[in-house]
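Numbers restart at 1 for each chain; the letters A, B, ... are given by sequence-line order, proteins then strands.
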Number of protein chains: 2
Amino acid sequence: MKIAIDHKSPVPLHIQAEQLIRKMIEDESYQDGKVLPNEVDLAKILAISRSTLRQAINKLVFEGLLVRKKRVGTKVNKVQVSSKSNNWLSFSQEMKLRGIKIRNFELHVTWVYPNETIANFFEIKSDRKVLKMERLRGSMDEPFVYFESYFHPRVGMTGDEDFKRPLYELLETEHSVIATLSKEEISALEAEAQIAEKLRIPIGGAVLLRKRFVYDQGERPIEYNLGYYKAKSFTYTLESRR
Amino acid sequence: MKIAIDHKSPVPLHIQAEQLIRKMIEDESYQDGKVLPNEVDLAKILAISRSTLRQAINKLVFEGLLVRKKRVGTKVNKVQVSSKSNNWLSFSQEMKLRGIKIRNFELHVTWVYPNETIANFFEIKSDRKVLKMERLRGSMDEPFVYFESYFHPRVGMTGDEDFKRPLYELLETEHSVIATLSKEEISALEAEAQIAEKLRIPIGGAVLLRKRFVYDQGERPIEYNLGYYKAKSFTYTLESRR
DNA sequence: ATTGTTCTATTGTATGTACATATTAATTGG
DNA sequence: CCAATTAATATGTACATACAATAGAACAAT
């Protein structure tokens, strides 16, 4: 394992430390209750100050991943919800896994003023335009999902990118942006006229809405993504343990 | 309001600060979006160091109560309902977190022959009856979710259990069955007559279907659960990292 | 053997300092 | 007047330091 922190990297040291610790505690011995190195030593090992290390650990403690105890040390919390099976695949990869060949029906790129939700998520003012990408995708026969993606200006999208490539690969190679964290919200709703038309279903037909909030290594927002899936064409699966 | 921090008190300064800020932002003007005093000033006012103050503010930011923005300031966050309960919670617990009081509309327990899906999952023959529990639950006003649960004969359910108790607690104390693994499938669909009637929505209205396959410690199947959620009454949230 | 005491390792609390970064506001140049 | 530049201001990052509190371990006293 690489236990190095890059002091020259633009991503903050405490974030790097946080990610390192996440990796570190995936190890079985930690899962079984071994205490991790004490703060003073660990700070020395990572070559950062104790305060900075504590910043990282604090976050994981708050998340419930770690527990600290005076004079004892810091351990991995037992009641852990291992969401390991969350692979994080691109849409094309996901579909490939399911043996579905993808066809792109529409692709539309524009610059728009963000609505309140987006401006808030991006932490920008709403008079600053962001790149919006719309996509209608599906099987060879028919579209079954409509995507709406918004990119933070920081990413540096031009709109001329080759969107046929996997998106996260594109972000990485073209813009040096590495998507590492995704928060999702899944719900059902009835299709409005615009969506219904695109997905070729009656107005009011059931749709699965998957909102994704995507962050980079520095946990800064980079993409806001809405996916409207035609009912029954998509199932979200996950495992949790306690 | 008392805007004083007691340096002699045994309760840590950052905790005192946290509580003070909580009180402070109960004020309407803050709820409406006024920024609170900047860190440097506020630290001066409270007579504590900026680091200590940040410790307090950080906690509230983690909690989602406050949001910070560079050059702008720190504000009270808009109330968001999406609890990030990736944890394993019972329905009642989940709803409690969201501040919703639960009402049980219907509860029905029967013994039925399992259909193919269930028999397969339980790895039993379909001429062996299993306990089926149906439940219609919701807010005080109206039902918004319909559950269908099937229990493996191995669990030893009688049907006379007190189903008002949290289910997984009941399984544990009454039948020594500990649910440890849950595989879920989430999809959207259009309500059939029976479901539509129960949820008081038109036939064909959007419903979120959450299938749960629950296993015990030995990874043996113990429960099959179907949850039909009225659209918009439920959002599934999760985080994933790579 | 149990109870009490002291030692010590580890996290907890608290401060001060310095510079970085992002964004609004003011200023300047054409 | 408008665009580009600069300044000002808020949070963000990072470090060094000092002492407090807690809990377990070792040891001593009864």
Side-chain angles (χ1 to χ4, degrees), chain A residues 5-19 21 33-62 66-77 114 119-120 122-129 152-156 215-222, chain B residues 5-19 21 33-62 66-77:
Chain A
I5 280 193
D6 180 4
H7 282 254
K8 284 173 197 155
S9 157
V11 6
L13 302 189
H14 72 268
I15 301 275
Q16 288 187 54
E18 184 200 323
Q19 287 169 345
I21 296 170
K34 196 175 83 175
V35 297
L36 30 146
N38 75 63
E39 292 179 355
V40 181
D41 290 351
L42 191 53
K44 221 171 271 170
I45 294 172
L46 300 181
I48 57 176
S49 76
R50 188 181 161 212
S51 331
T52 305
L53 176 60
R54 269 182 77 82
Q55 221 176 127
I57 296 180
N58 269 333
K59 195 161 169 209
L60 299 175
V61 169
F62 200 88
L66 298 179
V67 276
R68 286 201 275 212
K69 226 166 144 185
K70 275 184 213 168
R71 172 57 229 259
V72 178
T74 306
K75 287 195 293 191
V76 174
N77 196 347
N120 273 335
F122 283 165
E123 293 175 355
I124 60 173
K125 286 189 90 177
S126 49
D127 59 358
R128 212 168 145 197
K129 283 195 170 178
H152 194 289
R154 183 197 304 118
V155 177
Y215 302 79
D216 73 0
Q217 282 186 309
E219 306 223 350
R220 301 179 304 183
I222 55 175
Chain B
I5 281 193
D6 181 3
H7 283 255
K8 283 174 199 154
S9 156
V11 8
L13 302 189
H14 73 266
I15 303 274
Q16 288 187 53
E18 184 199 322
Q19 288 167 347
I21 296 170
K34 195 176 85 176
V35 297
L36 29 146
N38 75 63
E39 293 179 355
V40 182
D41 290 352
L42 191 52
K44 220 170 275 171
I45 295 171
L46 301 181
I48 57 176
S49 76
R50 186 179 162 212
S51 324
T52 304
L53 176 59
R54 269 182 79 80
Q55 222 177 125
I57 296 181
N58 269 332
K59 195 165 169 209
L60 300 174
V61 169
F62 271 134
L66 298 179
V67 276
R68 287 200 273 215
K69 219 165 149 187
K70 273 184 216 170
R71 174 57 230 259
V72 177
T74 306
K75 288 193 296 190
V76 175
N77 199 356

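- Rounded to an integer number of Å, the gap from CD1 of B:I48 to C1' of C:dG16 is 14 Å.
- Residue A:L36 contributes atom CG, which lies 12 Å from atom C1' of C:dT10 at whole-angstrom precision.
- Between atom CZ of residue B:R54 and atom CD of residue A:Q55 there is a gap of 7.5 Å, rounded to the nearest 0.5 Å.
- The distance between atom CG of A:N38 and atom P of C:dA9, rounded to the nearest whole Å, is 10 Å.
- Sorted by residue number, the members of residues 49-57 of chain A with any non-hydrogen atom under 4.0 Å from DNA chain C read A:R50, A:R54.
- Residues A:K59 and B:N58 are not in side-chain contact: their nearest non-hydrogen atoms beyond the backbone lie 4.5 Å or more apart.
- Distance NE2 (B:H14) to C1' (D:dA20): 13 Å, rounded to an integer number of Å.
- As a whole-Å value, the separation of A:Q16 CD from D:dC15 C1' is 16 Å.
- When the C1' atom of C:dT15 is taken as reference, atom CG of B:L42 falls 16 Å away, rounded to whole Å.
- Taking every side-chain heavy atom of B:E39 into account, D:dG12 is the closest of D:dT13, D:dG12, C:dT11.
- For D:dT11, the OP1/OP2 oxygens have a side-chain nitrogen or oxygen of B:T74 closer than 4.0 Å.
- Note: A:F122 and A:H152 have perpendicular aromatic rings, judged against thresholds of 30 and 60 degrees for the angle between ring planes.
- Proximity note for A:K70 (side chain, C-beta onward) versus C:dA22, D:dG24, C:dT10: the nearest is C:dT10.
- A:E219 has its CD atom 10 Å from the P atom of D:dT13, to the nearest Å.
- In this structure, CG of A:N58 is placed 16 Å from C1' of D:dG12, rounded to the nearest angstrom.
- Put simply, the side chain of B:H14 does not reach to within 4.5 Å of the side chain of B:I48, judged on heavy atoms.
- In this structure, of D:dT13, C:dT11, C:dT10, it is C:dT10 that holds the atom nearest to the side chain of A:R71.
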